[in-house]
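Naming convention: chains lettered A, B, ... in sequence-line order (proteins, then strands); numbering from 1 in each chain. For the numbers below, each heavy atom of this structure counts, side chains included, while hydrogens, waters and symmetry mates do not.
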2 protein chains.
Amino acid sequence: MKQKVTLKIIAKEFDVSISTVSKALKNSNEISEEVREKIKAYADYYNYKPNSLALQLRAQKTSVIGVIIPEIVHHFFSTVIDGIEEHANKRGYNVMVCLSNESFEKEVSNISVLTNGSVDGVIVSIARETQKKEDYNHFEMLLKDGFPLVLFDRIVDSLKCDKVIIDDIGGGFKAANHLLEIGSKRIALLTTEDYITVGALRKVGYRKAMQSAGLEVDEDYVFKINDTKNLYRQIEKIFHLEKVPDAILAVNEIYAAIAMKIAIEKGYKIPEDIAVLGFTSGLISKFTSPPLTAITQHGYLMGQQAAELLINRIEHTGPKEFQKEVISTGIKIRKSTYIGE
Amino acid sequence: MKQKVTLKIIAKEFDVSISTVSKALKNSNEISEEVREKIKAYADYYNYKPNSLALQLRAQKTSVIGVIIPEIVHHFFSTVIDGIEEHANKRGYNVMVCLSNESFEKEVSNISVLTNGSVDGVIVSIARETQKKEDYNHFEMLLKDGFPLVLFDRIVDSLKCDKVIIDDIGGGFKAANHLLEIGSKRIALLTTEDYITVGALRKVGYRKAMQSAGLEVDEDYVFKINDTKNLYRQIEKIFHLEKVPDAILAVNEIYAAIAMKIAIEKGYKIPEDIAVLGFTSGLISKFTSPPLTAITQHGYLMGQQAAELLINRIEHTGPKEFQKEVISTGIKIRKSTYIGE
DNA sequence: CTGTTAGCGCTTTCAC
DNA sequence: GTGAAAGCGCTAACAG
C-alpha cells in the first residue's frame, strides 16, 4: 500500500512547517491566502485525510462504540445492532462489533480488547456461559474504572450500570392473556431452561396471567426445552399429556413453529383445536401456515436506546444515576390464534 | 471515567523512566529482577493495559478490518459477518461493521471514515444505489492507493481487487435442473429487476438449464418483482397465465414462500400440481408447509474466504494477482418439490 | 541495568 | 504570517 499523505509530507513539499499546513487545511486565517490555497489544492489532489488514530490518540476519544453480542446470525441481535448503528451514526460514532459466541472466555477477551482505548464505551448482551457461571468480574472491573457500559437483553441486576431490557414478564403476560381471551383453558408453555433469564421471565408473565384468570399453573404443562438436543422429540412430548392442551405458548418462534407443525401432523386443527403463539424474532412466524400469532420484540428500538444511554454516559449528557429502560412488547395477531375473517 | 494507568504514571510512581517500565512489563531481562517484579505487581494490581491506539499509531497497523454491508438484518449478511469474524479473529484481527443501508452516499462516507487509518483493509458488498448509479469512484481511489479491498456478493467486475461471489449462475442452473428432473415442463421464474446482479445471474442459469433440456424460455413465464411494491399482488400474476406453470423457481425464499402460499390458497397441491423452489438465505424455507426445497448459500464460508483474501492482501501473504473466489451453492431438497417418502 | 531520544500523525499554545 | 515545541501513549535504538 502506498504511503498516505501526511501533514509532514505536505509540509516538506512546500517547505513550510507542519503546523502551517495543519492550520492552512483548517482554513485558519493565520495563514496567508496564497499559501493556504496551494496547500489545500495539493491536499485535495492527493486526497489527504487526517489520520484518525492520531486524532483519537490526541483527543483521547475514539468516537467508536464496541458491541459484544452472543451471536449475530440471529434476527433479534441483528435488529439491535441496526438500532445501535442508527443512533450511533447520528451522534457521530462508529460501531465495532464483536461476537462472544456464548463463550465466557471470548466475552472476557473481547472486553479486554475493546476497552484498551479502541472504543469509548461498550454495549453488551451477556453470553450464556457467563450467565451460567455467574462470573461478572470483567464487567465489575470496568465499572470500577467508570468505563461506560450498557447491558441489554441478557443483563445482570447486580451490575451497577445502564441497562435496557425487553419487558419479558409483560410479554409472557400479554401472550398468555391473549390465549385466555380467545378461550383457551389448558395452555402449555414451551420454554427454555431456567438459567436463561428471558425464558424464565416469560414464564413468570405466563404464570401471572394464569393466576389473574383464576387458573393454577400445572407444571406438567411446562416444558423446558434444551436447545442442544433434538427439538422435535422434546417438543413432541406435549402431545403425550393425558389431556392435550388447547393452546401452546412458546417462548420463541422456532419452538412455536415446530409445535405447530407436529400438531398439524397429528391431525389437530390450528387454531380450532389448539391455538399456538410464539415470541418472534425473525420472519418465520409470518410464513408458517397458518401464520403465527406472536409477541414482537422491537430490537431496533432496544438498540437505539442502548446506544443513547451509552453515548449519554460517554458524553455526560444524561442523568447521573444509572437507568434501566424497559422496552415493551407488541403482539401481532395472526391466524394461529384467530378464527374468523 | 477514571484516568487509565499509563507507563508514565507507573514510571512516576517508582521514579524510574518510562522505558524502564515498558521493558519491565515486557519481562526484558535488561531490567533487574527486583524492579521488574514490583512494576509488574503494580501494573497488575491497577490493571494496566497498553493503549491500543498508541500501539496502532506506532505500528502503523490497526489489526482491524472494516466491513461495509447494505444491511445487517438479513440472514445472509449476518452469516457472512460471522464467517469474517471467525477468520479475522483467528488471525488476530477485529471487525468493524458499518451499514450502507443500500445508500450510495452512506457507502462513500463509510469508506472514507474507515480508510483514514482506522482499519487495515475493508470488505464490502456494494449498495444497490451504487450499483444503479454505477459510480465506483470511491473504490477506485482506494485501489489506486493500493488499499486492501475485497468485494463480496455484490461486486463489480471492472474493479481490480479480490472478490468472492456466490456461483449464482450455477445455482440458477442447479435449481432449474432439479425442477426439470422431477418432470416440470413449464417453469415460472420469479426474479428481481435486472440491475440486481444476483437475480440476473440466477436467471442466466435458469435459461441455461432450460436450453440444455431443449426447452425455450418463454418470457411470459419470467416475472420481475419490484421489491418496493406489493409483493403479493405482483406474484399473484403468475396465476393469471393461460397455462399455469407446473413449477415455480424463485430467486429468494420470500418470493417462494409467498408464491407457495398463494398457490395453496388457490387450491393447487404442492408439489403435485406445482413444485416450488427458492434460494434460501434464512430459516423460512424450513418452516413453510410444505418445507421449501432451496438452493443454499454458504454465507459463512463466503465470509471466511473474504477475510482470508483481505488479510493475505494486508500481510502480503498470498498471490500477487487478484483472486476471484467462487462459492458454489448447495441444494436442500424438501417436500415442496419432492413426492414420496 | 537504566535512561535518553526520536518518532508514529496531529493539534495547539506560544514565540517570533 | 509562520514556526517551534509540547504532548497524546508507546516502542526501540542507542547511550551511558
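Of the side-chain N and O atoms in A/Thr6, none sit less than 4.0 angstrom from OP1 or OP2 of C/dC8. The side chain of B/Thr20 places no N or O atom within less than 4.0 Å of a non-bridging phosphate oxygen (OP1 or OP2) of C/dT2. Note on B/Tyr48: a side-chain N or O is less than 4.0 Å away from OP1 or OP2 of D/dC10. In this model, the phosphate group of C/dT11 is approached by a side-chain N or O of A/Ser22 to a distance below 4.0 Å at OP1 or OP2. Residue B/Lys8 places no side-chain N or O under 4.0 Å from the OP1 or OP2 atom of D/dG7. Contact check, B/Gln56 against D/dC10: no side-chain N or O comes under 4.0 Å of OP1 or OP2.
With rounding to whole Å, B/Glu30 atom CD is found 12 Å from D/dA15 atom C1'. Note: CG (B/Leu7) to P (C/dG3) measures 13 Å, nearest angstrom. Rounded to whole angstrom, the span from the CD1 atom of B/Ile18 across to the C1' atom of C/dG3 amounts to 11 Å. In this structure, the CG atom of B/Asp120 is 18 Å from the P atom of C/dC8, given to the nearest Å. Note: CG (B/Leu57) to P (D/dG7) measures 17 Å, nearest angstrom. The interatomic distance linking B/Ile9 (CD1) with D/dG7 (P) rounds to 15 Å, in whole Å. Atoms NZ (B/Lys12) and P (C/dG3) sit 15 Å apart, rounded to a whole Å. At whole-Å resolution of the value, NZ in A/Lys61 and C1' in D/dG9 are 18 Å apart.
Place B/Val16 and A/Pro50 on DNA chain C by their nearest nucleotides, and B/Val16 ends up nearer the 5' end.
Minimum atom distance to the side chain of B/Ser19 is reached by D/dA12, of the listed D/dT2, C/dT2, D/dA12. Taking every side-chain heavy atom of A/Lys26 into account, C/dT12 is the closest of D/dC10, C/dT12, D/dG3. For B/Lys23, the listed nucleotide lying nearest its side chain is C/dG3; candidates were C/dG3, D/dG3, C/dT12. In this structure, of D/dT2, D/dC10, D/dG7, it is D/dG7 that holds the atom nearest to the side chain of A/Arg58.
Figure legend: cation-pi geometry between B/Lys160 and B/Phe322 absent, as NZ or CZ is not positioned both under 6.0 Å from the six-membered ring centre and within 45° of its axis.
Here the side chain of B/Ser52 pairs no donor or acceptor atom with the backbone of B/Leu55 at under 3.5 angstrom.
Minimum interatomic distance between A/Ile10 and A/Ala43 (heavy atoms only, all atoms of both residues): CD1-CB, 4.1 Å.
Aromatic ring pairs are classed by plane angle as parallel below 30°, tilted from 30° to 60° and perpendicular above 60°; the pair A/Tyr42 and A/Tyr46 is tilted.
Within a 6.0 Å sphere centred on CD of A/Glu105, heavy atoms belonging to other residues, nucleotides or ligands number 12 at most.
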